[in-house]
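Report on the following structure.
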Amino acid sequence: MSDKRHVHRVALNIQGQLGHGDIFVPVIIEDVSFKGLRLRAEEAEIDVLPFDSHEPYHIVFLTDEQQPLLEAWLEQLYRQTDSRKSTIAIGCKVHHIELENLAVLRRLIELNSGDSDMTAHDLDALVDAVYDTASNASDN
């Protein structure tokens with residue numbers, strides 16, 4: 001018997017900064033899923049960051065006032081271009097996130113889910129999947 005969740009992606013559309021080393025570029029955190037985060041950035045800006053790094057990328061979620069809301073470290077999985085857009089989609093899995101930041105992420109997911117059928121169990125499973133992925137990545 002498979003345990004399929006109703007929640008696949010929760011749209012966030014939050015401004016952020018993606019960094020590697022001392023270089024940060026603006027991104028939009030489009031959504032979160034059981035697999036990680038999907039970001040969107042201008043192609044010209046994201047090209048200043050290395051694609052194939054063995055070091056995690058640093059993501060900072062920003063409030064509307066451009067203040068840091070939460071941060072995490074990511075592994076970039078893919079960059080996907082679309083000739084109809086000037087932006088690139090970037091798929092990432094969470095490499096590391098502090099527990100206090102995980103609580104903030106949980107609240108963001110809860111506020112942005114827009115799914116009245118999303119149960120506490122579904123929300124816990126989504127947050128646990130992000131945390132488990134990060135825990136497993138940092139063990140390697």
Side-chain angles (χ1 to χ4, degrees):
M1 176 181 198
S2 81
D3 183 14
K4 297 198 177 183
R5 308 262 184 239
H6 296 289
V7 179
H8 295 286
R9 294 190 175 278
V10 174
L12 297 177
N13 294 311
I14 295 173
Q15 293 183 28
Q17 294 282 324
L18 181 65
H20 193 271
D22 294 335
I23 302 169
F24 280 82
V25 297
V27 296
I28 298 295
I29 299 106
E30 283 192 331
D31 62 43
V32 62
S33 73
F34 289 112
K35 304 246 182 211
L37 300 172
R38 184 170 52 196
L39 314 175
R40 186 156 296 279
E42 291 294 324
E43 186 171 3
E45 292 175 336
I46 201 69
D47 281 345
V48 301
L49 298 178
F51 174 71
D52 213 4
S53 175
H54 297 290
E55 297 297 317
Y57 298 81
H58 185 197
I59 185 82
V60 179
F61 290 55
L62 300 173
T63 65
D64 290 339
E65 295 79 31
Q66 299 299 302
Q67 297 300 311
L69 179 62
L70 72 92
E71 64 182 350
W73 288 262
L74 309 173
E75 290 179 28
Q76 190 173 183
L77 301 175
Y78 66 84
R79 289 184 184 179
Q80 182 178 16
T81 59
D82 181 341
S83 61
R84 298 168 292 177
K85 299 179 181 177
S86 65
T87 58
I88 292 180
I90 306 157
C92 302
K93 71 177 181 177
V94 178
H95 180 274
H96 176 78
I97 186 168
E98 300 290 333
L99 285 176
E100 58 272 5
N101 287 311
L102 192 61
V104 175
L105 181 60
R106 177 188 170 91
R107 184 71 179 137
L108 280 173
I109 292 169
E110 195 172 39
L111 292 171
N112 287 283
S113 73
D115 184 354
S116 60
D117 293 332
M118 182 182 226
T119 66
H121 178 74
D122 290 334
L123 182 58
D124 287 342
L126 182 56
V127 172
D128 287 347
V130 170
Y131 186 71
D132 288 345
T133 299
S135 295
N136 292 336
S138 62
D139 289 342
N140 294 331

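Computed from heavy atoms alone, side chains included, the values below leave out hydrogens, waters and symmetry copies. The shown structure was predicted, so the numbers you read here are calculated from the model rather than taken from an experiment.
With sequence neighbours excluded, the residues that form a ring-ring contact (aromatic ring centres under 6.0 Å, His included) with Phe24 are His58. Every residue meeting the side chain to side chain contact (heavy atoms under 4.5 Å, CB included) condition with Pro68, not counting sequence neighbours, appears here in chain and number order: Val60. Under the rule for a salt bridge (charged side-chain N to carboxylate O under 4.0 Å, His left out), the partners of Arg38 that lie at least two apart in sequence or sit in another chain are Glu30, Asp31.
Between Ile29 and Gly16, the shortest heavy-atom distance links the atoms CD1-CA, 3.8 Å. In terms of heavy atoms, Leu62 sits closest to Gln17 at CD1-CG, 3.9 Å. In terms of heavy atoms, Ile28 sits closest to Asn13 at CG2-CA, 3.9 Å. Heavy-atom minimum distance, Val27 versus Ala41: CG1-CB, 3.7 Å. Scanning both residues, Arg40 and Thr87, for their nearest heavy atoms gives NH1-OG1, 3.0 Å. Among all heavy-atom pairs drawn from His20 and Pro50, the shortest one is ND1-CG, 3.5 Å.
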Next item on the list: Determine, stepwise, if the pair Phe61 / Leu12 fulfils side chain to side chain contact (heavy atoms under 4.5 Å, CB included).
Entry: CA-CA 10 Å; Phe61 290 55; Leu12 297 177; 4.1 Å; yes
Margin query: Checking Glu45 against Leu18 for the side chain to side chain contact (heavy atoms under 4.5 Å, CB included) test, could you report, in this order, the C-alpha distance in whole Å, the side-chain angles of both residues, the deciding distance, and whether it holds?
Written below: CA-CA 10 Å; Glu45 292 175 336; Leu18 181 65; over 6 Å; no
Checklist line | Test log, rule side chain to side chain contact (heavy atoms under 4.5 Å, CB included), inputs Val104 and Glu100 | finding: CA-CA 7 Å; Val104 175; Glu100 58 272 5; over 6 Å; no
Note to self: Under the criterion side chain to side chain contact (heavy atoms under 4.5 Å, CB included), I'd like the reasoning laid out for Ile59 against Val94: C-alpha separation, chi angles, the key distance, then a yes or no.
What the structure shows: CA-CA 10 Å; Ile59 185 82; Val94 178; over 6 Å; no
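Put simply, CD on Glu71 and CD1 on Ile97 are 9.0 Å apart, with the number rounded to the nearest 0.5 Å. Atom NZ of Lys85 sits about 13.0 Å away from atom CD of Glu43, to the nearest 0.5 Å.
Residues Leu99 and Trp73 do not share a hydrophobic cluster, clusters being chains of Ile/Leu/Val/Met/Phe/Trp/Tyr side chains in contact below 4.5 Å.
Listed by first and then second residue, the salt bridge (Lys or Arg N to Asp or Glu O under 4.0 Å) pairs that reach into residues 16-25 come to none, sequence neighbours excluded. Residue pairs meeting the salt bridge (Lys or Arg N to Asp or Glu O under 4.0 Å) criterion with at least one member in residues 54-70: none, sequence neighbours excluded.
Leu69 places a side-chain heavy atom less than 4.5 Å from the side chain of Leu108. Two residues are said to be in side-chain contact when any heavy atoms from C-beta on lie closer than 4.5 Å; Glu42 and Ser86 meet this criterion. Contact annotation: the side chain of Arg107 never approaches that of Leu70 to less than 4.5 Å [non-hydrogen atoms, C-beta and beyond]. Counting heavy atoms from C-beta on, the side chains of Leu39 and Leu74 come closer than 4.5 Å.
Residues Tyr78 make up the rest of the hydrophobic cluster containing Leu77, defined by ILVMFWY side-chain heavy atoms closer than 4.5 Å, directly or through other members.
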